[in-house]
Structures are given as structure tokens and as C-alpha cells.
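All values reported here derive from a predicted model rather than from experimental measurement.
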Protein chains: 4
Amino acid sequence: MQQDSQVNRKECIKFELRRVIFGTDTRLGRYFDISLIVCIILSVSLVFLDTLASIHRQYGELIGALEWCFTLIFTLEYLLRLYCSAQPIRYVRSFYGVVDLLSILPGYLVLFFPGANFTLVIRILRLFRIFRVFKLLRYLSEGNVLLRAMLQSGRKVFIFFFSVSLIVMVLSAIMYVVEGPESGFSSIPKSVYWTIVTITTVGYGDITPQTSLGQAIAAFTMLLGYSIIAIPTGILTAEISQEMVRSKDIRRCRNCLKMGHENDAKYCDNCGDSLEADL
Amino acid sequence: MQQDSQVNRKECIKFELRRVIFGTDTRLGRYFDISLIVCIILSVSLVFLDTLASIHRQYGELIGALEWCFTLIFTLEYLLRLYCSAQPIRYVRSFYGVVDLLSILPGYLVLFFPGANFTLVIRILRLFRIFRVFKLLRYLSEGNVLLRAMLQSGRKVFIFFFSVSLIVMVLSAIMYVVEGPESGFSSIPKSVYWTIVTITTVGYGDITPQTSLGQAIAAFTMLLGYSIIAIPTGILTAEISQEMVRSKDIRRCRNCLKMGHENDAKYCDNCGDSLEADL
Amino acid sequence: MQQDSQVNRKECIKFELRRVIFGTDTRLGRYFDISLIVCIILSVSLVFLDTLASIHRQYGELIGALEWCFTLIFTLEYLLRLYCSAQPIRYVRSFYGVVDLLSILPGYLVLFFPGANFTLVIRILRLFRIFRVFKLLRYLSEGNVLLRAMLQSGRKVFIFFFSVSLIVMVLSAIMYVVEGPESGFSSIPKSVYWTIVTITTVGYGDITPQTSLGQAIAAFTMLLGYSIIAIPTGILTAEISQEMVRSKDIRRCRNCLKMGHENDAKYCDNCGDSLEADL
Amino acid sequence: MQQDSQVNRKECIKFELRRVIFGTDTRLGRYFDISLIVCIILSVSLVFLDTLASIHRQYGELIGALEWCFTLIFTLEYLLRLYCSAQPIRYVRSFYGVVDLLSILPGYLVLFFPGANFTLVIRILRLFRIFRVFKLLRYLSEGNVLLRAMLQSGRKVFIFFFSVSLIVMVLSAIMYVVEGPESGFSSIPKSVYWTIVTITTVGYGDITPQTSLGQAIAAFTMLLGYSIIAIPTGILTAEISQEMVRSKDIRRCRNCLKMGHENDAKYCDNCGDSLEADL
């Protein structure tokens, strides 16, 4: 009997913890979320600042210590989530479960390569800590409207990028032939890099055409990029406009001809006539 | 009795001054505004020109004298506004009150640092004089339609910039690892600077990837920036289109089915039928 | 009597000439226009090519001779237009009259500066010959729809550019203070140049921020330019969309409810009911 | 009799081959298409990689051998298409027939210039092999909607580009005069190149204005390019929006006033009333 109540109490704590950690509807849950967001931003900022040579020299050890604190905090968070989750296996396999694990793993893996400062392995492990920012995605569920519009226009955008890559390939090959392998256009892959730099109007200027013919083709490439920049904008704008209109009711009251009712309105809000079609 | 009429006359002058200084409906008020705009533009132009070494050497003293004139003019304007305002405290605390004060303060503060030419303090004080241009905002109340469309799409734009900064952070970290700390990508903050330069298609070319892998990632970054440039355009265009349509009446006459009446029309301007819904 | 008929014949020739030179509805008139367009393009191309040092050395005299031919042709054209125009004074004062005169004047003015090759005066006179391209505007009367949309949104665009110039001025002053007069940002006018290069995402890279704070402000400037690039696009797109819709009839047949009739349709093209509202 | 059946069998094989090679509705046909796409991409990648000096030195002979394999595969494909086509002459003259022939010709033509490695002729022949990517166009018939919108707005875009080239010419001539022939603006064609680099916001920075006046004109050019970038976007967006709306049915049920029926609907899907107009 006592054991039963103990199991019950344990379940109760688990449930409360779940509300705090996974939910956002309690005050404690909101505090938990906000402090977690602060921790993520601080820890990512530290990783960024540590790459500055001057800061690494002066505060390197302090940053290392803070880094350990954050790793421990995120470990604790991971274990808590694991403990109070209703289906721990499903959490571990979920997108956020993997992100949470990747956020703490590099901290421990570094222990296995102790002597090697600044080697490639360490640098890549450091890189992985950046993926902690993806933990923030949890707090961002409003992007869906945008995402839907983008997916809607996905096929058209794919065709667009396919056509652009055809153009890029042909222009790159032409520029390689025109400017010759002794110039900055030493190979077609490099020429592809230049064409993308030009067609997207980025224009670094690290590779520029030197011959008159090359400059003429470059000018043509720029004007092309300048005009095809309009295409994805046009597609997406039309799609977003439609998405906005679609989310509005287009029913018109048969009695008073009023439009623009709420999506779930049963009666006209102007004259009271039924909006339902009588079958 | 005489005192009363004096107070009355004073009030009368105050009221007249207020109409001239704060209003735009009298001829004198318009002259006042126009001469003030000219003063603002001239004084800001002087600050700009004074930073040109050749002009500073030749006309430095003349500019200094003119600078004092403008400071005195703006001081006079500030005192007049303070005097004739109905609620002086509220004016001082308002946005324009603060801007007006900041426009004249640097001129006087310079007196406390007489020997120090070209020091940082002086330079910053000079900078503050530029804020005089904000005085021009007073004459610009038409931007509201644009502003409203921008605020309407504010939430979507925030999500957009949040997503962009996530992408920028991850790409910066990857480029830092790929190009290595010996290249131009000497730290992640510098790498972030490069990523923003690239994703916005600015492309200075002061930092460019040297390795093949780096150039491939750079090309990907450009194409990404090239396509996501479409998103804010799409959002804002859809919003402005809606704002324009919203300001038009969509009522349709029940008798002759005509659309496009004035917003406050009571009867159809074509057949005379009542546009009001009979309840 | 004979004189009368002579005057009449003269008038008749004038009228015929006018149809050929000013009109485009006769075959001869079209031939005249096409050969004139060819002359304009050829003569402007010659001016361009002549500035290439290698071509000037080799073909300088040939180009000079051709230049004289074109000047004579355009002189003949100007005199003919003057002769057969119904109101010669009005033609001389019109936009195209001035352009036609400016197209031939530099050719004769060059005679007054014979010894001076490549001096500034000659170079500016050469420049004026370029304005011959404006003669082409005569053959371009279709741009009106675009022009109308642009003028419609003129006020909004003006406010936009006013706001942009406020932002540019403030950012320039900040960058001048941050980077200091020893860097590329040696004066505020130069700083304004940099800010415009950056905010329009051109990004030459001839002036780049060197300090960390400067780079952070530069990144902010780029993101700002990146997002405000959306505003004129949004304004113009909404305006063009409206212009397109406006040119379509929105009348709906009262009998069969069909929409999309021709603008001048009197009866529904589907059921034959009158589209006119019975008053 | 036997001969007849033989002819028949031959025709039957031809027909089957045609279904596999030209069609996509059989499983074998899809396999054929996919393996062809893989071959095209691999062969074009080889041409690109071969231009990298390091790869050419190490794997030059292997790539040469693979190149021969691909040439043979495409030759076989060409002969098969020729054999099983119903109208071989028409196939040879068609766009894809020419592309297929150009894809294999350079491989054989190289045999006639055996000793000349890396000469211009060889390089141009190599270039032609890139045109193999156009073979991919066969698998892309969805771009039509985009293409239609672009053609629809063709006239407006032509006027736009005509106006832009007028502006470019005049600005180039002005910059040539202002900066003088001793600067990077050594000739008007070079100045045209700079103007296009600037107006399209590419901004290489290989040619930059040095004089104050030149920088002011450059700033104006950038702002101009920045604002006219909106025009093609606006045109295309409006056109795509219209194209999308056009493809939707605007019929409204006369009984229940419902809109948005399928294009070929005969009856209202809400109340069952006939959607056909009774004549």
C-alpha cells in the first residue's frame, strides 16, 4: 500500500517535471525555458569568442571552466528530459533528442584528445557545439506559414535552380576558354565559383576577367543574374499572397451579399441569414 | 485690470508664436519651417565637409564661426519652443524635445575641452550634431502607410531574421573549420562578418575562401542568400498589396451588383439602391 | 495663279516630307526611321570605340572622317525637320529639338579648338555626342505603363529615399568616428560613399572596416540594406498589380453572373443580357 | 510470307525500342533515362575536373579513357535513336537531334588535331562537350509555366533593358570624362563594364572611382541600380500572380453563390445546381 503510494508519488513528480520541462503553460516551465535559452546563447557566444586569439590568451582558462559548467547543465537537462519523458526511447530518437545529445557529447569527447590543442579533430568537435543553437528551434513554431509557402513553391524553385545551374555551367566553360588557364580562371571548377559569385551579384573581385571579350561576357552574366533574381521573388510573393488570401473565408451571404466572415461562422454576422448551403 | 490685460496679451502672443512655430497652417509658420529645414541641412553639410582635411585646413575657422551661428539659432529655436509650448515639461520629455536639446548641447560642451582637437571625445560630440537631421522627421508624417505594412509583417520578418542568424552562425563555424585560423577566417566573429558580407550579396572581397572546399561552401552560401533575399520581399509585397486593397470598399450593390463604392457611401452611385444591409 | 499652285505644290511636298520624317505610317517613313536608328547606333558606337587607345591609333583618321559624315547626316535631318515642321519654333524648343541640336553642335564646336587633342573641353564635347542616344527615345512610346506605375508610387518612393538618406548619414558619421580618420574612412563624405556602396549591396571592397566594432556596424548596415531592398520592390509590385487589374473590366452579368467582359462590351458574351445598368 | 513476318518482327522491335528510348511509361524506359542522366552528369563532371591541373597530371589518362567510353555510349544512343525513330530526318533536324550530335562530334574531331594539346581549338572542342548538359532539358517539361510568365512580360522587360542600356551608356560616358583616361576608366567600353558591374550591384572593385565627383556619381549609380532592381521583380511578380489566378475557375453558382469550382465542373459541388449558363 505504502509502496503503491510511493510509485504514485513518483509518477506525480514525473508528471509535474514533464509539465515544467516540456510544457510552457506553467510559470516554472516558462522560467525553465528562458534560463535554458540564456544558457544556449551564452555558451554559443563563448565558443565564438574563444576563437579570437587575444581573448583565448587572456581568458582561455575561464572560458574552459565555463564551458564545463554549460556541458554539465546541458547534461543535467538531457538526463531530466530522459527521466521524465513518457516514452524515453522516442525522445532519444527524436530530432531534439539527437540535438540535445550532440550538444553535450563534444564536451566529453575532448577528454580523449587531451594534448592536442587546435588540431583539426578538436576544431571539428568545437564546431559541433555550435549545433546547440538548434535547441532554440524548439521555441519557434511560428515559421510554419513561411515554410508552407516555400514548400508550395518548391517544385518551381527546383526548376529555377536547375535552369540556373545549366546556365552557370555553360557560362563557366565559355569563360574558361575565353580567359585561358593562365588567368584567374585556371580551371572550370574555379570558373564555376566565379560565375556563381557574379550571377548572385556578390562580386568579391578576387577573380576578374582581364580580356575585353571576357568583360563583355561578364557584363552579360551580371545583367542575366540581375534579371533572374526576380524569378524566385516573383514565385514566392505570388505564393505568400495566395496563402494569405486562402486563409480568409470567401463565403458571401446569400441574403445581404456580405463577404469576409470568420472561417467557422454558421450565420452571416450582418443579417443573420444562415451561411450554410441548404441541400 | 491692466495686469489682467497684460497677461492676456502675453497669452495671445504665446498663442500666435505657437501657431507659427508648431503649426504649418499660417504663411509665417511655413516660412519658419522652411528656413529651419535649410538651417538643418546647411549645418549638417558643414559638419560633413569639415571632416575633409583640405577643407578643414582652408576654411576651418569660417566653418567654426558658422557652426556657432547655427548653434545659437537652434538654441533660440529651443528656447522659443520651450516658452510658447502649452506644456513645456511634456515638450522637453518628448522625442523631438530630446532631439532639439541634443542638437545644441555638443556645441556648448566643446567649450569644456578646448585644447583637445581631433580627440575621440570631440569626434563623438561632433557625431552628435549629426542627429540634427532627426529634426527633419517632424516634417515627414506620410511614411505611416509604409510603417504600418512593415509592422504588420514584423513577426514574420523577426522569424526570418532569426532563421537567417541561425544559418549564419552554423555557416560561419563551418567556414572557420574548413579554411583554418591561418587564413582570413582567423576567428569565428570574423567568419560571421564574412558570412554576412556574402549572404547579403555585398561581397567586399577583403576575406575570400582560398581552399576548394571553402569556395564550394561559399558558392552554396551565395545561392542561399540569393534565394532567401526573396523572402522579405515576398512578405512585404503581399502585405502592401493587402493594405492597398483593404483601403478600398468591397461592398457590392444588391440591385446592380456594382462594386468599388466610396468607403462611406450609403447608396449605390449607379442605381441609387441603398447599400445598407436591411436588418 | 501659277504662283498659287507653286505654293500649293510646295505645301504638298512639305506635307509629304512631314509624313515621311515625323510619321511612321508610310513605308518610306519606316525606312527613314530605321536608317536613322542605324546611324545613331553606329555613330555612338564609333565614339565609344574611339576611346580605346589601340583603335584610336590605328583607325583614328577613319573614325574622324566617319564622324564628319554622321554630323552632316544629322545636320541634314535637323534642317529637314525644321523645314517641313508645321510649327518650326515649337519644334526647336521641344525636347527632341534640343536633343537633335545637341547631337550636331559638338561636331562643329570642335573646329574652334583645333590644336587641343584630348583636353577636357574636347572630352566633354565628345561626351555630348553620346546624348544622340536620346534621339532613340522617339521610337519608344510603350514605356508609359511602367512610367505611370512608377509615378503613382513616386511619393512613397520619395519617402523611402528620404528615410534611406537619413540612415546613411547617421551610419556614415558613426563609421567615421569608429574607424577614425587614419583609416579608409578619412572624411564623412568618403564614409557616406562607403555606406552607399554597402547598403546597396554593391560592395567594391576599396574601403573596408578594419576594427571589430566597425565590422559589426558594417554587418548591421548590410543586413539593413538587405531588408530595405524589399521596400521599393514591394511598393512597385503592388502598384503594377493594381495597374494590371484596373485595366480589366470587373462588371458581372446580372443574369448569368459571368465576369471578365471586354471593357467596351454592351451585352454579356455568354447569355446576351444587357450589361448596362438600367437607371 | 516468312519475309513478311520478319519485316513485321523488325517493326515490332523498332516500336518496342522507341517506347524504351523516347518514352518514359515503361520500367525499362525509366531505367534507360536514369542511366543516361547519370552518364551525362558524370561525363560533364569529368570535363570540369580535367581542367584542374593537379587532377589532369595524376588522372589525365584515366579521364581520357573514360571520355572515350562516354563518347561511345552517346554515339550508340544517337544511332539507336536514329534507327528506331519513326521520322529519322526530323529527329536529326530537331533541337535534341543537333544537341545529341554536338555531344559526340568533339570526341571524334579531336583525332584530327592529335599533337596539339591545350591549343585553342582543343579547348573550344572541349567546351562543346559541355553542351551535353542540354540533353538534360529533355527531362524538364515543367518549366513552361515560368517560361510563359516570362514571355508574357517580354515586351515590358525589353523596354526595361532598353532604358537601362540608355542609362548605362550616358553614365559610362560621364564617368569616362570625370575620371579621365589615366584612371581605371581608360576607355568608354571599360567604363561601360564598370557601370554594369555597379548598376547590377555586383561590385568587383577592380575599377573604382578615385575622384570625389566620380565617387558621388558612383553613389548615384548604385542608388539607381538599387531602385530599378525592383522593376523586373515587380513586372514578373504581377505576371505570375495573374497566371496563377487565371488557372482557377471564377464561375459562381447561381443558386448558392459558391465560387472556386473545378475547371471542368458541370454542377455546383455544394447545392447541385447546374453551373452551365442556360442560353
Side-chain angles (χ1 to χ4, degrees), chain B residues 44 47-53 55 118 120 123-124 126-127 130-131 133-134 136-137 140 142-143 145-146 149-150 157 160-161 164 189-190 192-193 196-197 199-206 225 229 232-241 243-244 252 255-260 270-272, chain C residues 155-156 159-160 162-163 165-166 169-170 172-174 176-177 180-181 186-192 197-198 200-209 212 215-216 218-223 225-231 233-239 241-242 250-254 257 277-279:
Chain B
V44 170
V47 175
F48 274 35
L49 287 174
D50 196 30
T51 62
L52 283 165
I55 284 178
F118 275 117
L120 193 73
R123 270 201 280 139
I124 287 169
R126 290 232 164 127
L127 163 70
I130 298 298
F131 285 100
V133 292
F134 286 125
L136 287 176
L137 279 178
L140 189 82
E142 302 274 337
V145 195
L146 272 179
M150 272 192 277
V157 169
F160 169 71
F161 272 107
V164 167
K190 207 142 206 171
V192 166
Y193 167 72
I196 291 173
V197 166
I199 217 165
T200 56
T201 76
V202 169
Y204 282 138
D206 50 351
I229 215 171
T233 308
I235 296 169
L236 202 78
T237 302
E239 212 67 60
I240 291 176
S241 280
E243 201 75 15
M244 276 179 170
R252 178 186 292 278
N255 189 37
C256 68
L257 297 171
K258 192 179 172 287
M259 269 176 74
N270 190 31
C271 67
Chain C
R155 190 169 180 79
K156 285 201 205 85
I159 292 168
F160 169 71
F162 182 81
S163 320
S165 54
L166 275 194
M169 275 193 275
V170 173
S172 304
I174 293 174
Y176 171 69
V177 168
S186 58
S187 67
I188 295 191
K190 206 141 206 170
S191 195
V192 166
V197 166
T198 299
T200 56
T201 75
V202 170
Y204 282 138
D206 51 350
I207 307 174
T208 50
S212 295
Q215 290 182 343
F220 170 75
T221 307
M222 286 163 212
L223 287 174
Y226 189 63
S227 48
I228 62 179
I229 215 171
I231 296 174
T233 308
I235 295 168
L236 203 78
T237 302
E239 212 65 62
S241 280
Q242 289 234 317
I250 55 156
R251 287 181 301 170
R252 177 184 293 279
C253 172
R254 282 184 303 149
L257 297 170
D278 5 33
L279 300 162

*In terms of heavy-atom pairs under 4.5 Å with chain B, which of Thr208(C), Ile207(C), Val192(C), Asp206(C) leads?*
Thr208(C)

_Side chains of Tyr193(B) and Ser212(C) only: does a donor on one sit below 3.5 Å from an acceptor on the other?_
no

*Contact part of Ile55(B) toward chain C, heavy-atom cut-off under 4.5 Å: side chain, backbone, both or neither?*
neither

_Ser186(C): partners by side-chain contact (heavy atoms from CB on, under 4.5 Å), with sequence neighbours left out_ = Lys190(C)

*Who passes side-chain contact (heavy atoms from CB on, under 4.5 Å) against Thr200(B), sequence neighbours left out?*
Ile196(B), Val202(B), Met222(C), Leu223(C), Tyr226(C)

*Structural part of Ala218(C) lying under 4.5 Å from a heavy atom of chain B*: side chain

*Looking only at heavy atoms, what is the nearest atom pair of Tyr204(B) and Pro209(C), with distance?*
CE1-CD, 4.4 Å

